[in-house]
There are 2 protein chains.
Amino acid sequence: MKLSTKGRYAVTAMMDLAIHDRDGPVTLADISNCQGISLSYLEQLFAKLRQTGLVEGVRGPGGGYRLGKPANQISVADIVVAVDESIDSTRCKGNLDCNKGERCLTHHLWNDLSERLYEFLDGISLSEFIKDPEVRKISRRMDSTASRIANMFPPVSKAS
Amino acid sequence: MKLSTKGRYAVTAMMDLAIHDRDGPVTLADISNCQGISLSYLEQLFAKLRQTGLVEGVRGPGGGYRLGKPANQISVADIVVAVDESIDSTRCKGNLDCNKGERCLTHHLWNDLSERLYEFLDGISLSEFIKDPEVRKISRRMDSTASRIANMFPPVSKAS
DNA sequence: CTAATACCCTACTAATTTACTAAGGATTTT
DNA sequence: AAAATCCTTAGTAAATTAGTAGGGTATTAG
């Protein structure tokens, strides 16, 4: 179990998808704009999320990404594991005999802890965040139609 | 909240200290040998642990490091926070108005999660690991006197 | 008192990972 | 057919992690 900014990006992006799930697919360009992450980097993250079935890509105009399964079946642990490839926990891969079998002990303890952490994060599903009262309030404000209309008037670029 | 190999090194080293607490100070050289981490790197980690009062250095021959407070008052979160300086959670530091106030939402949600994670790790103290039955068994095998005797006969280095 | 032990500190370097860029497909809708 | 959007690969710059080097300083044993 590892946890870095990469994992955070993935989790927040997935939260975004979960919140707007009923509004049809969310484009990576949207997430890129709104969360300040580069498009290509997002594409890399989503490649991994797609491989593990956590999201589903919809091609063509009007396409984007959608959750690969119901929000209540996607845990935070699933997301983190998908993108933050796990730490190689010990130097004595599996065999408990490093250092004459004496103090590899702490590796054993770390594994215990790591497992507990995983279970904790596995117990938190995306659906929990959609229920957050803050979310309901804000996501109503920026309803899908509103954002679609907004997209019809893109920011003016410098005259050529 | 961030979690990398650095944090793992610190946590396992602290477990080591906790297990051998009654045997007097543990030297960094010991930990370095047994866990395969370089001495200087350990010194860097322990500098941070010392600054936050989690450990206490004992100088001179027979010295080493000792827990700075009782094992049940040191949580895994304490250790991780001390060495793995926390992730800068958002681009909109504190002010919730990034991206026209609309989708900074996910940052809020991430903070929620991060806080929950912290609380979880804060609820796990070092003393829990000492109670582990595996630990009692193994640490009895390598009693302090035994390891001290062993230290009097260091491995022979190549003849010069 | 001296020498050995082991903490303590600073600065540098190598390796790895993260974040990003570039550039070109492949699909699907309009 | 053209536009939108996913999809893929390859490369690169920045940051972080891990480790080296080399010098202290305090304390204890002899």
Side-chain angles (χ1 to χ4, degrees), chain A residues 2-13 17 24-33 35-68 80 82-88 91 148 151-152 154, chain B residues 2-13 17 24-33 35-68 80 82-88 91 148 151-152 154:
Chain A
K2 193 177 167 184
L3 196 52
S4 65
T5 53
K6 203 167 170 181
R8 178 165 60 84
Y9 284 157
V11 171
T12 54
L17 256 58
V26 176
T27 71
L28 291 191
D30 266 10
I31 299 180
S32 170
N33 286 335
Q35 299 204 20
I37 314 170
S38 86
L39 185 61
S40 293
Y41 193 45
L42 272 175
E43 284 181 338
Q44 283 171 50
L45 296 183
F46 272 76
K48 292 187 180 177
L49 294 174
R50 210 173 55 80
Q51 277 160 32
T52 49
L54 293 178
V55 299
E56 189 178 42
V58 180
R59 292 180 150 185
Y65 279 97
R66 190 185 288 154
L67 293 183
V80 171
V83 299
D84 259 341
E85 60 276 353
S86 79
I87 233 163
D88 61 328
R91 309 225 166 183
R148 233 162 237 165
N151 281 336
M152 295 178 191
Chain B
K2 194 177 164 181
L3 197 52
S4 65
T5 53
K6 204 169 173 181
R8 177 164 61 85
Y9 284 158
V11 170
T12 53
L17 256 59
V26 176
T27 70
L28 290 191
D30 267 10
I31 300 180
S32 170
N33 285 336
Q35 299 204 20
I37 314 171
S38 85
L39 185 60
S40 293
Y41 193 45
L42 272 175
E43 285 182 338
Q44 285 172 48
L45 296 183
F46 272 76
K48 292 188 181 179
L49 294 174
R50 211 173 53 81
Q51 278 160 31
T52 50
L54 294 177
V55 299
E56 190 178 40
V58 181
R59 290 179 151 190
Y65 279 97
R66 190 186 289 154
L67 293 184
V80 171
V83 300
D84 259 341
E85 59 278 351
S86 78
I87 233 164
D88 60 329
R91 309 223 167 184
R148 233 162 238 165
N151 281 336
M152 295 177 192

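Chain letters run A, B, ... following the sequence lines, proteins first, then strands; residues in each count from 1.
The CG-P distance, from A:Asp30 to D:dT5, rounds to 9 Å in whole Å. With rounding to whole Å, B:Ile31 atom CD1 is found 13 Å from C:dA6 atom C1'. Atom pair B:Lys6:NZ and C:dT17:C1' shows a separation of 14 Å (rounding to whole Å applied). Regarding A:Leu45, its CG atom lies at a distance of 14 Å from the P atom of C:dT21, rounded to whole Å. Computed from coordinates, the B:Lys48 NZ to D:dT17 C1' distance equals 10 Å when rounded to whole Å. To the nearest angstrom, P of D:dC7 lies 10 Å from CD of A:Glu56. Atom-to-atom, CZ of B:Arg66 to P of C:dC7 comes out at 12 Å; the value is rounded to the nearest Å. Following rounding to the nearest Å, B:Gln44 (CD) and D:dT16 (P) show an atom-to-atom distance of 15 Å.
When the options A:Leu17, A:Leu45, A:Thr12, A:Leu39 are evaluated for a side-chain contact (heavy atoms from CB on, under 4.5 Å) with A:Ile31, the one that passes is A:Leu17.
DNA chain D is contacted by both A:Phe46 and B:Gly7; A:Phe46 maps to the nucleotide lying nearer its 5′ end (nearest heavy atom per residue).
Side-chain proximity of B:Ser38 to D:dG19, C:dG25, C:dC20: nearest is D:dG19. In this structure, of C:dC7, D:dC6, D:dG19, it is D:dC6 that holds the atom nearest to the side chain of A:Leu28. Residue A:Pro61 places its side chain closer to C:dT29 than to any other of D:dT28, C:dT29, D:dC7. Relative to the side chain of B:Arg59, the nucleotides D:dT27, C:dA6, C:dT27 differ in distance, and D:dT27 lies closest.
Contacts of B:Leu39 with the nucleic acid, taken as non-hydrogen atoms under 4.0 Å apart, are absent. Contact annotation for A:Ser40: base contact, defined as any heavy-atom pair under 4.0 Å involving a base atom.
Of the possible donor and acceptor atoms, one in the side chain of B:Ser32 sits under 3.5 Å from a partner among the backbone N and O of B:Ile37.
In this model, the phosphate group of C:dT18 is approached by a side-chain N or O of A:Ser4 to a distance below 4.0 Å at OP1 or OP2. Taking only side-chain nitrogens and oxygens, A:Tyr65 comes nearer than 4.0 Å to OP1 or OP2 of D:dC7. Side-chain N/O atoms of B:Lys2 include one lying less than 4.0 angstrom from OP1 or OP2 on D:dT17. Checking the phosphate oxygens (OP1, OP2) of C:dC7, no side-chain nitrogen or oxygen of B:Arg50 falls inside 4.0 Å.
The distance from atom CG of A:Leu28 to atom CD of A:Gln35, rounded to the nearest 0.5 Å, is 11.0 Å. Taken to the nearest 0.5 Å, the NZ atom of B:Lys2 stands 10.5 Å off from the CZ atom of A:Arg8.
For A:Gly62 against A:Pro25, the heavy-atom pair with the smallest separation is O-CG, 3.6 Å.
Evaluation of atom-type donor-acceptor distances gives no pair under 3.5 Å for the side chain of A:Glu43 against the base of D:dC6.
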